[in-house]
Each structure stands twice: as C-alpha cells, then as structure tokens.
Amino acid sequence: MTDESSRPTDFIREIITEDLKKGKYDHRVHTRFPPEPNGYLHIGHAKSICLNFGIAKDYKGTCNLRFDDTNPEKEEQEYVESIIDAVRWLGFDFGPEPRYASDYFGFMYTAAEYLITAGHAYVDSQTAEEMREHRGTLTSPGKESPFRGRAAAENLDLFRAMRDGRHPDGAMVLRAKIDMASPNINLRDPAIYRIKHAEHHRTGSTWCIYPMYTYAHPIEDARENITHSICTLEFEDQRPFYDWLLERLAEGGLVQRPLPQQIEFARLNLSFTVLSKRKLIQLVTEGHVTGWDDPRMPTVSGMRRRGYTPEAIRNFCERIGVAKRDSTVDLALLEFCIREDLNKRAPRVMAVLRPLRVVITNYPEDQEEELDAVNNPEDPAAGCRTVPFSRLLYIERDDFLENPPKQFFRLAPGREVRLRYAYYITCEKVVKDERTGEVVELHCTYDPKTRGGDSPDGRKVKATLHWVSARHAISSEVRLYTTLFSTPEPGAESGDFRQDINPASLEVLSSAYVEPGLAGAVPGSRYQFERMGYFCVDPDSTRDRLVFNRTVTLKDAWAKIQKAQK
RNA sequence: UGGGGAGUCGUCCAAUGGCAGGACGGUAGACUCUGGAUCUGCUUAUAGGGGUUCGAAUCCUCUCUCCCCAGCCA
C-alpha cells in the first residue's frame, strides 16, 4: 500500500489496513516467516514467504526470518542453511542474520518461572500415557491431574530440578494451568516445557528442557515486536492459548502491549503434487527421487534446478491469492507463470532432442555457411547470432511422418517445409533400416533461392522446423520431466500417495544435439529450445557434456490434436 | 455426538445490501519464419430450504457438505 489509491488485496491486508487506521500498533507493521529447520522449503512455504515479506514491503514494515528451533531432536544446521538460501534466492531480505527461537530460551525460562509463581503453571509428574487418559476426548471433558494442586514453591523446585538435569526424559513436564474441561482441547492444561537430554544445533548442551511450540511461538513474536503473526489454518484452535499466554505475561510485565495477533490463512495445495513434509521426506528417503533438489520436487531447490525463476514463483504466489478456504491450485497456473516469464527472457536456440538424419543432396559436400538467427523475438535487445548450416543435418524425429494425417503440417515424402532461418527443403527419399523398417535417414533437396527462410516467389510452406548441423552440433543429455504423480490428487484413490507415482516422470535423452553456440553454457542458464520448451543447464553438466533439464514444454497445439484423436 | 473454521465458474481469487467480475484452463478464430508468442470471440458459478428487504453471494434461520483439533511435534 504505497499510495492512497491502492486497496488491500486479501483479508489479511484488510485487517492490517484497519489496524493502521486505528493506530493499533503505533502505525508499525512487523511480520515474520517462522520455519522449523527440519526440512526443505517448498512452494507452499513460498506462498507464506511471499505473503509475509510482501506485506512488510507493501506497508514499509519489516519481516523477520526466524527459525523455530525448539525441538533439538528434529532440527539440523543443514536445514537452516538451505532455508536461508531459498529465502534469499526468492528475492527477500531479512537483514544480515536470521532470528532463532533458541535466542529466547533464557527469557522463556524466566517467563515460565513467573507463570509458576503466579499460579498459572505446574509441574506434572504423570506419564505421557496418564496425561493422555486424563485429557478426555473431543466430546468429553478431561480430568485434573493429581499433581495439579502442587504449591508454587514445590513447582519451582521441581522445574529447576528439571532444568538442572536431575530427571530423565519424560519424567515430568511443565503445564499451563487453564481448564481441563475446556471444549477446546488445546486449553486443557497444555504442556509447555518438556525434558529432552539432547544436543541442540545452536545451544549445544546448555539446556535439557525445551519449550513447546505452543508456548514458545507467542513469546518469540512478542520479543520481536511482531504485529501480525500469520500462520496456517491448523493453528486456529491454538489462538486462544496464544492470547491467554501473552495476556498472563503482560500482566506480569514480562511483555509489552500492544500484543501481537495471530491470523490464519489456508495453506497451498497444488494438483499433481504433494506438499506435506512427511511425504516429501518419504520421496527422498525411499529413493523415488534423487534428492531434495530433484527437479521433480516442489521444493524451492528442486524448482530452481528445474529452471523456475524467483519472479515466476513470486508471480504465482500473487495470482493464487490468500483466503481461508481449503483449495487446490491447478498446476497449469504454475506452468503458465513460468512460461510467461521465460517467454520474455529466455534466449532461443535450436536443439534436436530425438535426431533424424537429413542429407541435403544438392548441397555441396564440403560447403558450410553461417545463417543469421534472432535470439529472442520478444526482446529486440537480445540481438542476433549465427548458426552453421551444412549438407548433413538433424531434425526432430517427430517432425517427419511417412503417412501424415490431414492435420500434420510438417515434413513428409514429397512435401516442402522451411528450416528455420535457413532454407526451404523438400523430402525426396526415405531411407529405412531393411530389417526393422525404421526410418533412419531422409534425402532432401534445398532451394538456394530461399536462403534465410523466405521464398522470393512468395511460395508458402505450412511448417517451420528446427534443425542443427550434424558436423557442428554439440551432443548433449536432455532430461525430460513431467509430473511426479499421474493423478491430480495423489493417494486419493488408494490412500497411499506412492501408488500414484508416475513411472514416466523422467525420460533421459542421451543423444540430443544442440547448436554450437551453447558450448560453455553455465549451470542455471535458461533457454528456449525452439518449438520444444524451456530448458535449464543442470549442475551435473561437465566441461565436455552439457545436461539440460526441461523446465516446461511450450504450449503444443499439435500434441493437443493428437491427444484429442486418441 | 464437543470445539474451531470454510462453502461463488472446471480451478484459484474478487464483489463488504445495488448489473456476480478477473485470472488460469477449455474452446473457436485472426496473425505468425516457433502448431510458440500476441490479439479477438465464446464457455461455465453464489451448497440447499425458509425468512428480512424495493433489492440478498452479502443480513437472519434451519439443513447439508468439507477441513482442523484428543504429541512431552510444529
């Protein structure tokens, strides 16, 4: 909202605009993105990142990157690095250093002692199982713990003993004292501290008790003066506790008003993919993909390797909007966003993925020439290049059909087509393997007067084919990706998402040819292979051999016709 | 069967008592040295019943459907 005329675009910005109008937070807006460092970021996180950092930007506020590292058994340094990397790559700035929940462990401990002293918390010596039994059910109230009535002094001693490591894991927990009969289960004396004799990735062995998310998160927000604490829908039931805790701490003067407020929105679901952390981990550990950055993964690192741009992802996140209803976004929208971006910026090159040899019989054996080609018709500033032409070429196997159906415009016996930026050629002869009947080579003639691709007599052709000169082309590997799952909602039918893994999600083409200008292309560079799609140089490339990942195909009218006829 | 949320084109998001709109998808066409891009047309929706109102997607009411919650996970 940088000017008067702009209006909020979602219900969260509406709330913020209203708060600003009322002066609720002294005209400040401060958000945060709080991942747990126990996995890699995916497109669903990107939605949250764009929301939180986007709001900060819109309202000239601040957004913190904060690691919610309250469970040492699950969290690792490796993840914090990948998350930092992903956030920066997406184009967001959180200052020189991220924040950590563990930065506040000391304060959280002090606050817990205050709660005990004020009679708002107690140490419970029940086992986990006993606690579960006493919690009641969704429809029946819980029962109070026999330890609920302990005096503050005893609780304090016990809690300090917990901290000092005098009890094993699970021996006791600190609980908030609220209401065991509450219809909201989260208010039935939730555990707020547990014993874990575990090494923490940042605090080492300083602590053997760790706060629960429920307790830690509101405190982290308050400590960072967060104004709007935006999270996903499943935390909605948690909000009464969030408010309860902060109210108690404000009463004790441990946090200042105005208190941050929690606002929930619906997480992203995407068709043909899974986004739950558990499922993503399973894909990696069970070897269904090659790693977190496998180009078929919906992780930020996977999409990056696939060839997605930060701009396309940000644009996607803006287009899908923010609301409270559960929804599943069509993968086609994501693909639209990356095509839209790459169409404007990706240089065009010619690459033949499944080569078919073509001999231009009337082109002199020892002759070759350089032809002018436009780098990007959408961007005149991208300039021109030349591509070599000679007697022996490769064209795409799919661009020739011996017995073409009516709607097939491409090369066929006796038919004339244009070779892009080069010449008109006519297919004169089809050479086949005698045993298999497979077409192995085409003999064509070219019309020298059509150099550059135009015929002086105004003669039209129905198709333009991409090609490479066999002598000059660089042999490369091309990895063709389609969706990792073959159904829009993986697991919907069988209950096991792995049943719907698409066995054909990766096709490796090891004898593709790209034009010579691509020599030395660096990993991460993106190109449009004319008529085939957008491709990105994979880090697996070596000096001698380029490897390309297909980011997304071009829209393909012919493929659609073929599909419709099946 | 407790509590908390949510129901609008195929999909996602708007409309905040006043002509249900946009984007993606789909489809038809124009154009084209990429069957790309671009442009144009068309397509389809307020979960259901009752009520309030001159007027309801919006307010009231009843019903239905879907999601979340019974970790010492986040």
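Letters A, B, ... mirror the listed sequences (proteins, then strands); counts begin at 1.
- Within 4.0 Å (heavy atoms only), A/Tyr421 reaches at least one base atom of the nucleic acid.
- Here the rule is side-chain hydrogen bond (donor to acceptor under 3.5 Å, both in side chains) with A/Ser102, and of A/Thr70, A/Thr203, A/Asp69, A/Asp68 only A/Asp69 fits it.
- Atoms CE and CD1, on A/Met162 and A/Ile195 in that order, are 4.5 Å from each other to the nearest 0.5 Å.
- Within 4.0 Å (heavy atoms only), A/Pro377 reaches at least one base atom of the nucleic acid.
- The partner of B/U40, taking Watson-Crick or G-U wobble pairs whose two distances both stay under 3.5 Å, is B/A28.
- Residue-level contact check: A/Phe408 touches the bases, meaning some heavy atom is under 4.0 Å from a base atom.
- The residue A/Met212 sits close only to the backbone: its heavy atoms come under 4.0 Å of sugar-phosphate atoms, none of a base.
- Closest to the A/Ser327 side chain, of the nucleotides B/C13, B/C72, B/C69, is B/C13.
- Distance from the side chain of A/Lys555 is smallest to B/A37 among B/A37, B/G2, B/A74.
- Residue-level contact check: A/Lys560 touches the backbone only, with heavy atoms under 4.0 Å from sugar-phosphate atoms and none from bases.
- The salt bridge (Lys or Arg N to Asp or Glu O under 4.0 Å) test with A/Asp341 is passed by exactly one of A/Arg345, A/Arg339, A/Lys344: A/Arg345.
- Only the P atoms considered, B/C12 is 34 Å distant from B/C73, to the nearest whole Å.
- Taking every heavy atom of both residues into account, A/Tyr109 and A/Tyr193 meet most closely at N-OH, 3.3 Å.
- When heavy atoms are screened at a 4.0 angstrom cut-off, A/Arg325 is found touching base atoms of the nucleic acid.
- Counting non-hydrogen atoms under 4.0 angstrom, A/Ile561 reaches a base of the nucleic acid.
- Base engagement by A/Phe235 is indicated by at least one non-hydrogen atom pair under 4.0 Å involving a base atom.
- Nucleotide B/A6 forms a Watson-Crick or G-U wobble pair with B/U65, both donor-acceptor distances falling under 3.5 Å.
- Across all non-hydrogen atoms, the minimal contact from A/Pro168 to A/His197 is CA-NE2, 4.1 Å.
- If you check B/C73 for Watson-Crick or wobble pairing at under 3.5 angstrom, you find it has no partner at all.
- Among the heavy atoms of the strands lying under 4.0 Å from A/Glu378 is at least one base atom, whether or not backbone atoms are also near.
- One C1' atom belongs to B/G50, the other to B/A56, and the distance between them is 14 Å to the nearest Å.
- Looking at heavy-atom distances under 4.0 Å, A/Ala128 makes contact with a base.
- When heavy atoms are screened at a 4.0 angstrom cut-off, A/Arg132 is found touching the sugar-phosphate backbone but no base atom.
- The residue A/Gln238 sits close to a base: some heavy atom pair falls under 4.0 Å.
- Closest approach of A/Leu270 to A/Leu334, counting heavy atoms only: CD1-CD1, 4.1 Å.
- Contacts of A/Lys344 with the nucleic acid, taken as non-hydrogen atoms under 4.0 Å apart, are absent.
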Polar atom pairs between nucleotides 22-24 of chain B and protein, under 3.5 Å, N or O only, would you list them?
residue : atom : partner  : partner atom : Å
B/A23   : O2'  : A/Arg319 : NH1          : 2.9

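- A salt bridge is absent between A/Glu220 and A/Arg223; no separation between the charged side-chain nitrogens and carboxylate oxygens falls under 4.0 Å.
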Applying salt bridge (Lys or Arg N to Asp or Glu O under 4.0 Å), run through A/Arg150 and A/Asp124 and close with a yes or a no.
CA-CA 9 Å; A/Arg150 292 216 257 230; A/Asp124 195 345; 5.6 Å; no
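- Among the atoms of the strands shown, only primed sugar atoms or phosphate atoms (P, OP1, OP2) are found under 4.0 Å from some heavy atom of A/Asp68.
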